[in-house]
Novice: 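Below are the structure tokens for one structure; questions will follow.
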Amino acid sequence: MISSPCLYNKYTLFQQKRDETMTKNEQKALAAERVRLFRDAANFKKTDRIPQFSSAVTWKVFDAGYTLDQAMTDFDVMEKCVRHFLDTYHADAILDIGIRNQFNVTEAFGPGGYYYYTPDVVGIRDHAHCTPDTLEEYLDNPEKYIWEKLLPAKYGEEWNKKTLDVWKKTFKEYFAYTKYILHMNSVAKEYGIPSMAPNNPMSGSIEFGIEALEANLLGIKQLSIAMRRSPEKLDSFISRWDAEHIDPLIEKIKAGDGPNYKYCFDASVMMLAQNIMNTKQFERFYWPSLKKLLDAYAEKGMNVRVFCEGSIGRYLDYFTDFPKGTLTFHLE
């Protein structure tokens, strides 16, 4: 932790008060102070200290003395891990408050999912919900495609064995998970942890068409092939995706009031698909959508947190023309 002596004393006092619990006014004041630190740092203003952002997702489980299989299926254990982390390290903001990668819902629904975990690892297998030829069909009616094609393909013969009792059990776990999310939001407030952005990772970062293609619809392997063999089909998909998801968001930004100082940043954008692209592919499939959105935020004087998973170095020249204070890169 990098801090001045006076702020060190402030956080020591904060730690001592954990047993007593801060008042709600103290919680709000601490969250507001942290928002100010992030905002000032993002706008290149001199700050009293460096704000500390934590990306700890699975590591905090090990640090608290548990294994992933214990924490990923037990809300009480995960809460202990989060509290241990916040009591020990006093991060100003955190990527995950213990609500990611919970398996209770999927396990209630039965085998067939793509996510998996062991005592030491949580991961996702590369998978595809579509082919390049079915992308347009998916966009025409996503709900119909999901129920009639995606789910039967995902679960195979198990799909026809889902009884009413299985569905009831799954919904019960889903509601319990929703309740847990709300509870952990209150835990974050208890520690004076501010929200990162209006679309923070708790409710989902902004997703571009190319990211949807890599994460679920085509997967890494199929997308890599499609960028070479079916680029026009990807162009069509991305154009329609932008019209449905990105362009309405841009209109909302332009009609808004500018920065929202309730949050550390005005938006969260996650980048991952750039890792399997060369620069020509990036220019064609990713940059146009990303640039027009970032331009809209820049016009309103807003700051965007760009979370880059993997590597971003070879694309940095694309971002140099944005006004100072528009972008905050969060490197993995």
Novice: If you measure from the Lys or Arg side-chain nitrogens to the Asp or Glu carboxylate oxygens, is any gap between Asp40 and Lys46 under 4.0 Å?
Specialist: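 Judged by the 4.0 Å cut-off on N to carboxylate O distance, Asp40 and Lys46 do not form a salt bridge.
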Novice: So that I can tick it off, tell me whether Arg83 and Asp87 are bridged by a salt bridge, with the cut-off set at under 4.0 angstrom between side-chain N and carboxylate O.
Specialist: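 Here Asp87 does not pair with Arg83 in a salt bridge, since their nearest N and O are not under 4.0 Å apart.
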Novice: Looking at Lys254 and Asp295, is any side-chain nitrogen of the basic one under 4.0 Å from a carboxylate oxygen of the acidic one?
Specialist: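 Lys254 and Asp295: not salt-bridged.
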Novice: Sequence neighbours excluded, which residues qualify as ring-ring contact (aromatic ring centres under 6.0 Å, His included) partners of Phe319?
Specialist: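 By the ring-ring contact (aromatic ring centres under 6.0 Å, His included) rule, Phe319 matches Trp287, Phe329.
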Novice: Report yes or no: is the cationic atom of Lys324 (NZ for Lys, CZ for Arg) closer than 6.0 Å to the six-membered ring centre of Phe44, at no more than 45° off its axis?
Specialist: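 Yes; both conditions hold, so Lys324 lies above the ring face of Phe44.
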Novice: So do the side chains of Asn303 and Pro259 get within less than 4.5 Å of each other, counting heavy atoms only?
Specialist: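 Side chain of Asn303 against side chain of Pro259, heavy atoms only: no contact under 4.5 Å found.
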Novice: Less than 4.5 Å apart, side chain to side chain, heavy atoms only: is that true for Phe53 and Ile94?
Specialist: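 No, too far: nothing below the 4.5 Å cut-off.
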Novice: Which donor-acceptor pairs under 3.5 Å do the side chains of residues 217-224 make with protein atoms, sequence neighbours left out?
Specialist:
residue	atom	partner	partner atom	Å
Gln222	NE2	Cys130	O	3.0
Ser224	OG	Ile220	O	2.7

Novice: Are side-chain N/O atoms of Tyr191 and Gln27 paired as donor and acceptor at under 3.5 Å?
Specialist: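 Tyr191 vs Gln27: no donor-acceptor pair found between side chains.
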Novice: In terms of side-chain geometry, is the basic nitrogen of Lys300 or Asp257 positioned less than 4.0 Å from the acidic oxygen of its partner?
Specialist: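 Looking at Lys300 and Asp257, the cut-off is not met.
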Novice: Quick one: do the Thr67 and Asp69 side chains pair a donor with an acceptor below 3.5 Å?
Specialist: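 Yes, side-chain donor-acceptor contact under 3.5 Å.
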Novice: Looking at Tyr155, does the NZ or CZ of Lys162 lie under 6.0 angstrom from its six-membered ring centre and within 45 degrees of the ring axis?
Specialist: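 Yes, Lys162 and Tyr155 form such a contact.
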Novice: List in chain and number order the residues that pass ring-ring contact (aromatic ring centres under 6.0 Å, His included) with Phe75, two or more places apart in sequence or in another chain; answer none if no residue qualifies.
Specialist: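 Testing Phe75 for ring-ring contact (aromatic ring centres under 6.0 Å, His included), a comparison that skips the adjacent residues, returns Tyr180.
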Novice: So, do Met78 and Met184 sit near enough that their side-chain heavy atoms are less than 4.5 Å apart?
Specialist: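 Met78 vs Met184: side chains apart.
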Novice: With a 3.5 Å cut-off and no angle check, do the side chains of His330 and Ser268 form a donor-acceptor pair?
Specialist: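 There is no such pair (donor and acceptor under 3.5 Å, judged by atom type) between the side chains of His330 and Ser268.
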Novice: Using 4.0 Å as the upper bound for N to carboxylate O, is an ion pair formed by Lys149 and Glu137?
Specialist: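 Answer for the salt bridge query: yes.
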Novice: Using a strict threshold of under 4.0 Å (side-chain N to carboxylate O), is an ion pair present between Lys80 and Asp76?
Specialist: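 No, no charged N to carboxylate O under 4.0 Å.
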Novice: Does Asp266 come within less than 4.0 Å of Arg305, counting only side-chain N to carboxylate O?
Specialist: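 Salt bridge: no.
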Novice: Inspect the surroundings of OH in Tyr114 and state if more than 12 heavy atoms from other residues, nucleotides or ligands are less than 6.0 Å away.
Specialist: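 Enclosed: over 12 neighbouring heavy atoms sit under 6.0 Å from OH of Tyr114.
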Novice: Over all heavy atoms of both residues, which pair between Pro194 and Asp92 is shortest? Give the atoms and the distance, please.
Specialist: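 For Pro194 and Asp92, the tightest heavy-atom pair comes out as CD-O, 3.1 Å.
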Novice: Salt bridge check, Arg36 against Glu33: does any charged N sit closer than 4.0 Å to a carboxylate O?
Specialist: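 Salt bridge flag = yes for Arg36 with Glu33.
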Novice: State plainly whether the residues Arg240 and Asp140 are in salt-bridge range, i.e. N to O under 4.0 Å.
Specialist: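 Judged by the 4.0 Å cut-off on N to carboxylate O distance, Arg240 and Asp140 do form a salt bridge.
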Novice: Taking atom types as modelled and ignoring hydrogens, do the side chains of Glu136 and Ser236 form a donor-acceptor contact shorter than 3.5 angstrom?
Specialist: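 Looking only at side-chain atoms, Ser236 and Glu136 do form a donor-acceptor pair, the distance falling under 3.5 Å.
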